[in-house]
Amino acid sequence: MVIKIRSVAPGRGWQWIVAAFQLFRMNPLTWVVLNMALMLIGAGLSLLPVIGAYVLYLLTPLFLGGIMTAAKDLEAGREIEIPHLFRGFRQNAAHLVTVGGVYLVGQVVISGVMLTIGGPEFQEAMKSGIGAFDASALTPEGARRLLQAMLLGTVLFVPLAMAVWFAPALVILDDQTGFRALWISLFACVRNAVPLLLYSIVSSVLLVFAVVPFGLGLILWIPVMLLTIYTSYRDVFESGAPAA
C-alpha cells in the first residue's frame with residue numbers, strides 16, 4: 001500500500017486535541033475503563049524485577065494498536081469493548097513488537113549516552129529523582145555535565161519519539177511492517193513539525209491543569225491524549241479521513 005502524507009496547517013495541532021475530545025465524548029465510560037486497564041497492566045509489568053520496564057516498552061505498541069482500532073471503530077459507529085485493548089496481540093503483533101523493540105533499544109542507547117556524559121551527577125539525579133535532587137550541591141563542572149546530558153538526551157529522544165508516534169496506527173490500520181512504519185512516521189512528523197510543536201505546547205498546558213486538582217484531571221487527560229495519536233494520524237495520512 002502506498003502511504004501519502006499530508007503537510008497540514010499549524011493550527012491542526014490544536015484540532016487534533018478537539019477531535020480526540022469529541023471521540024472521547026462518544027463513549028467516555030468505556031474510554032476511561034480501557035485506560036484504567038492499560039495503566040493497571042503497565043503498573044503490574046513495572047513491578048517485575050529487572051525485566052519489567054523492558055517488557056512494557058516492547059508491549060506498549062501492541063496496546064496502542066488496540067486503542068487505534070477502538071478509535072476507528074467508534075468513529076465508524078461501532079461499539080468498543082475491553083477486548084479492543086488486546087487486538088494488537090492478534091493482528092500484526094510481530095510488527096508492533098518490532099516498533100516496541102526499536103523504541104526499547106533507542107531508550108537504552110540514549111540512557112547510555114546520558115550516563116556517559118552526565119557522569120556521577122546524572123546517576124545521582126536519576127536515583128533521587130529530578131524533583132528531589134539537590135542541585136545546590138553541584139559543582140560548576142558537574143552542573144555543566146548534567147545540563148549537557150539532559151540537552152543531548154532531549155535531542156536524541158525527539159526523532160525516536162517521532163518515529164514511534166504514528167507507527168502503531170500505520171502497522172495495525174495500514175498493514176505496514178514495523179520498520180517501514182517507523183520511517184514513515186518519522187518523515188510525517190518532520191513534515192508536520194509545526195503543528196506537532198503546537199500540539200505539544202497545548203497538551204503540556206492542559207497537563208498542568210489536569211494535575212492541579214489532586215491529579216483528577218488525568219482521568220480525562222490521559223485517554224484524550226492517547227486518542228490524539230489516532231486523530232493526528234487520520235489528519236496527516238490520506239488513508240485516514242480527509243483533512244477538514
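Predicted model only: the values in this text are computed from it and were never measured.
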State the CG-CZ distance between L182 and F166, to the nearest 0.5 angstrom. 13.0 Å
Residues passing the side-chain contact (heavy atoms from CB on, under 4.5 Å) test with S200, sequence neighbours excluded, are none
Got a sec, which pairs hit side chain to side chain donor-acceptor pair (under 3.5 Å) with one end in residues 149-166, sequence neighbours left out? W165-S232
Could you work out the complete set of other residues in the hydrophobic cluster of L151, with links drawn between I, L, V, M, F, W and Y side chains under 4.5 Å apart? L147
If you measure from CG on D175 to CG on L170, what distance do you get to the nearest 0.5 Å? 10.5 Å
For R191 and R6, which heavy atoms make the closest approach, and how far apart are they? NH2-C, 4.4 Å
How many angstroms lie between NZ in K4 and CZ in F237, if you round to the nearest 0.5 Å? 14.0 Å
Linked, directly or transitively: Y199 and L197 (ILVMFWY side chains, under 4.5 Å): no
So side chain to side chain donor-acceptor pair (under 3.5 Å) across residues 33-55, not counting sequence neighbours, yields none
Mind checking whether V18 and I201 sit in one hydrophobic cluster, side chains of I, L, V, M, F, W, Y counted as touching below 4.5 Å? no
How would you list, by chain and number, every residue that makes a side-chain hydrogen bond (donor to acceptor under 3.5 Å, both in side chains) with S203, sequence neighbours excluded? none
With sequence neighbours left out, write down each residue that passes side-chain hydrogen bond (donor to acceptor under 3.5 Å, both in side chains) with N192, or none if nothing qualifies. none
Just wondering, do L96 and L59 contact through their side chains at under 4.5 Å, heavy atoms? no
Supply the members, apart from V158, of the Ile/Leu/Val/Met/Phe/Trp/Tyr cluster built from side-chain contacts under 4.5 Å; use none for a lone residue. M162, W183, L186, V190
More than 12 foreign heavy atoms under 6.0 Å from CZ of F89: is that the case here? yes
Look at the side-chain heavy atoms of Ile, Leu, Val, Met, Phe, Trp and Tyr, link any pair under 4.5 Å apart, and say whether L29 and W31 land in one connected group. yes
What closest approach, in Å, do I172 and G88 show between heavy atoms, and which atom pair accounts for it? CD1-CA, 3.9 Å
Pairwise distance CG(L23) to CG(L226) - rounded to 0.5 angstrom: 12.5 Å
Report yes if some heavy atom in the side chain of T177 is under 4.5 Å from a heavy atom in the side chain of T98; otherwise report no. no
When every non-hydrogen atom of K72 is compared with those of R78, the smallest separation belongs to O-NH2, 4.4 Å
Tell me the salt bridge (charged side-chain N to carboxylate O under 4.0 Å, His left out) pairs involving residues 85-114, sequence neighbours left out? D73-R87
With sequence neighbours excluded, residues passing side-chain hydrogen bond (donor to acceptor under 3.5 Å, both in side chains) with S185: none
Heavy-atom closest pair, residues M150 and M114: CA-CE, 4.0 Å
Closest heavy-atom pair, P168 versus P61, reported as atoms and distance to 0.1 Å, is CB-O, 3.9 Å
Which residue pairs satisfy the salt bridge (charged side-chain N to carboxylate O under 4.0 Å, His left out) criterion with at least one member in residues 29-53, sequence neighbours excluded? none
Whether F21 and F24 hold their rings parallel, tilted or perpendicular, with breakpoints at 30° and 60°: parallel
Looking at M26, I'd like to know if its CE atom is crowded, meaning that more than 12 non-hydrogen atoms belonging to other residues, nucleotides or ligands lie closer than 6.0 Å. yes
Quick one: side chains of residues 101-111, donor-acceptor pairs under 3.5 Å with protein atoms, not counting sequence neighbours, listed by atom name and distance.
unit_1: Y103; atom_1: OH; unit_2: Q107; atom_2: NE2; d: 3.1
unit_1: S111; atom_1: OG; unit_2: Q107; atom_2: O; d: 2.9

Using side-chain contact (heavy atoms from CB on, under 4.5 Å) as the criterion, list what pairs up with L198, not counting sequence neighbours. W14, V202
F63 side chain near L34 side chain, heavy-atom distance below 4.5 Å: no
Would you give the length of the straight line joining atom CG of L38 to atom CD1 of I67, rounded to the nearest 0.5 angstrom? 6.0 Å
Say you draw a straight line from CE of M225 to CD1 of I229; how long is it, rounded to the nearest 0.5 Å? 10.0 Å
Mind checking whether M36 and L62 sit in one hydrophobic cluster, side chains of I, L, V, M, F, W, Y counted as touching below 4.5 Å? yes
Show the nearest heavy-atom pair for residues I80 and A70, with the distance to one decimal. CG2-O, 3.2 Å
Is V97 linked to I51 within one hydrophobic cluster, defined over Ile, Leu, Val, Met, Phe, Trp and Tyr using a side-chain heavy-atom separation of less than 4.5 Å? yes
Are the side chains of F187 and I3 in touch, meaning some heavy atoms are under 4.5 Å apart? no
